[in-house]
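Below is one structure, written out as C-alpha cells; comments come after it.
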There are 2 protein chains.
Amino acid sequence: MPDRKIKKNSRIQQRNRYRILDAALDVFSAHGYRGATLDQIAIAAGLSKPNILYYFSNKEQVHLTLLNQLMETWLDPLVDMNEDGDPMAEILAYVQRKLDMARELPRESRLFANEILQGAPRMKPHLTADLKPLFDQKCTVIQEWCNAGKIAPVNPQHLIFSIWSTTQHYADFAAQIDVLVRPKIEDADTHLRALFFNILKTS
Amino acid sequence: MPDRKIKKNSRIQQRNRYRILDAALDVFSAHGYRGATLDQIAIAAGLSKPNILYYFSNKEQVHLTLLNQLMETWLDPLVDMNEDGDPMAEILAYVQRKLDMARELPRESRLFANEILQGAPRMKPHLTADLKPLFDQKCTVIQEWCNAGKIAPVNPQHLIFSIWSTTQHYADFAAQIDVLVRPKIEDADTHLRALFFNILKTS
DNA sequence: TCCTAGCTTTACCATTTGGTCAAAAAGTGA
DNA sequence: TCACTTTTTGACCAAATGGTAAAGCTAGGA
C-alpha cells in the first residue's frame, strides 16, 4: 500500500494536539523558547513527555506550529483596515481591534513579544513574507489619506509602531501594570482613542 | 583578625566584574534569564565559568546585580520631570529622554522587557519599592497640571504607559523594525513629539 | 472474539547546565 | 628573593533536558 494513511484528524489527535499547543502557549509565553521545557509543557498538558513527542517531532516544531497559527490571526486587524472607508474611523477601529486582541489573547501577544525580543530567530521569514508586504501596503494607504488631507500629516510607519506598542503594552507589560495600578484598567480604550484621534484630526 | 579584608576594589576585581556584567547584559538581554547560560556569559566575557563564579556566587546573583544597576538609571528620566517647570515642555522632554535612552541603552531596555514579560519574578520587589512610589507621585503631578488647565485633561497613568511603550518599542522590537523599514529610523522623535503634543495641548 | 492500527508509557541515553573543589598560577609586599 | 594572598584553571558532579526505543495498552472493525 503506497499511500500511507495519516490520520491527523482523529478525535484523539485533534484533542491532544490542541491540549499540547494550549499548554505550550502557556509555557513559551511565560518563559521564552529556551526557558521553556518539554516537561513543563507535558505537565501543563496532562500528558507525558514522550507523548508530546509522538505528536510533534521535537520542541522546535511545537514552537513553530504556535508561531504559524499566531501569524494567521495576528495580522487580521490590520488586514481589515479598509482603504475605502473613512480614514479616521478606520484607524481608530484598528486601534480598538488591536486593544481587544491584547486583552483577549495576552499569551499570544507575549509569545510574539518574546520571539521578537530575542531577535525573531524563528519568525524572521514570516515577518518578511507576511508582515512586511502588508505593512508596506497599509503605510501607502495611510500616506494617501494624508496626501488627500483626510487626516493630518503623519509618518505612517511610526503611526503604526505607536499603535502596536501602546496596545500590546497592556498584554506584554501586564506584570508591571499590575504592580502600578490597583484596580484593573478598563479605560485604556478612551485614552488611546484620544491619543490617536488628536494626532490625526484635521482642523 | 576579626575583620576580614575584602578587596572588592582591586584593579583586577573591578575590571573583571565589569567585563562579566557587560557580557551578561549581552546574553541575558538576548535570551532571557532561563535561556542564558553561564558558559555563554563566560565566553562573551573572555573568562572561564569557574572564574565567573569566583566573582559572583551564582547565576542569579549576576542577573540581580544587573537589575539593581539598571533600576538606578532607569528611573532617572522620570525623576527629572520637574513639577515646577512648564508642563508641556516637561512631558515632551521626558519623552525625548526616554527615547534617547532606548537608543543608547537598548540592551538594558530588552533586559527589562524580558524580565517584565516573564512575570518580573526577580524584579517585583524593585517595582513595588522604587517604581510604584515614583509613578504615583508623577501621576499626581500630571493630574494637577490637568486640573489647573495647563494641559488637556488626560489619564496620567495611561499617558505614562503610552510614553513607556512607544519609546521602548524602538529598542525592544528592533528585530521587527529592522525587517519593516530599510534605513534606520531617526524621525521617531518628531512623530512622538507630535503624538504627545497633540493630546496634551489646550484649546 | 481476535486482530490490528493507533496511542501511551516505562526505561533509558547523551548532552547541557549550574555549581564545587583543590591545585596551579600570578601578583604583591617586605 | 621569599612568603603570602589573590586569581585562575582543569577535573569533576548531580540534576535537568531533549530525545529515543520498545514494550504495553486501547479502541474498534471483521
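Below, read A as the first sequence line, B as the second, and so on, with proteins coming before strands; counting in each chain starts at 1.
Here C:dG18 presents its P atom at 13 Å from NE2 of B:H63, a figure rounded to the nearest Å. If you measure from atom CD1 of A:I52 to atom P of D:dT20, you get 15 Å, rounded to the nearest angstrom. The distance between atom CD of A:Q14 and atom P of C:dC7, rounded to the nearest whole Å, is 12 Å. Rounding to whole angstrom units, CZ of residue B:F56 and P of C:dT20 are separated by 15 Å. We find that CG of B:L38 is positioned 12 Å from C1' of C:dT16, with the value rounded to whole Å. The distance between atom CZ of A:R19 and atom P of C:dC7, rounded to the nearest whole Å, is 14 Å. The interatomic distance linking B:E60 (CD) with C:dT17 (P) rounds to 18 Å, in whole Å. The separation between B:Y33 atom OH and C:dT17 atom P is 14 Å, rounded to whole Å.
Ring centroid separation for the pair B:F135 and B:F161 comes in under the 6.0 Å cut-off. A distance of 6.0 Å or more separates the ring centres of B:Y94 and B:F196.
Judged by distance alone with a 3.5 Å cut-off, no donor-acceptor contact links the side chain of B:K59 to the base of C:dG19.
When heavy atoms are screened at a 4.0 angstrom cut-off, B:A42 is found touching no nucleic acid atom at all. Contact annotation for A:Y55: backbone-only contact, meaning every heavy-atom pair under 4.0 Å involves sugar-phosphate atoms and none involves a base. Within the 4.0 angstrom heavy-atom criterion, base atoms lie near B:L53. Across all strands, A:R34 comes closer than 4.0 Å only to sugar-phosphate atoms, never to a base (heavy-atom distances).
Where A:K49 and B:S48 each meet DNA chain D at their nearest nucleotide, the meeting point lying more 5' is that of B:S48. Residue A:L47 is the one, among B:D39 and A:L47, whose nearest nucleotide of DNA chain C lies closer to the 5' end (criterion: closest heavy atom). Comparing A:N51 and B:Q40 by the nucleotide of DNA chain C whose heavy atom lies nearest to each, the residue mapping closer to the 5' end is A:N51.
Within the structure, every side-chain polar atom (N or O) of B:Q13 is placed at least 4.0 Å from both OP1 and OP2 of D:dT6. A close approach under 4.0 Å does not occur between any side-chain nitrogen or oxygen of A:N58 and OP1 or OP2 of D:dT20.
Look at A:D189 and A:R193 and you find no salt bridge, because none of the NZ, NE, NH1 or NH2 atoms lies under 4.0 Å from a carboxylate O.
Under the 6.0 Å distance and 45° angle rule, B:R17 counts as a cation-pi partner of B:F56.
Remark: side-chain polar atoms of B:K59 are paired, donor with acceptor, to backbone N or O of B:Y33 under 3.5 angstrom.
Among the nucleotides C:dC7, C:dT10, D:dT7, the one closest to any side-chain atom of A:P50 is C:dT10. Residue A:Y54 has its side chain nearest to C:dC7 when only D:dT6, C:dG19, C:dC7 are considered.
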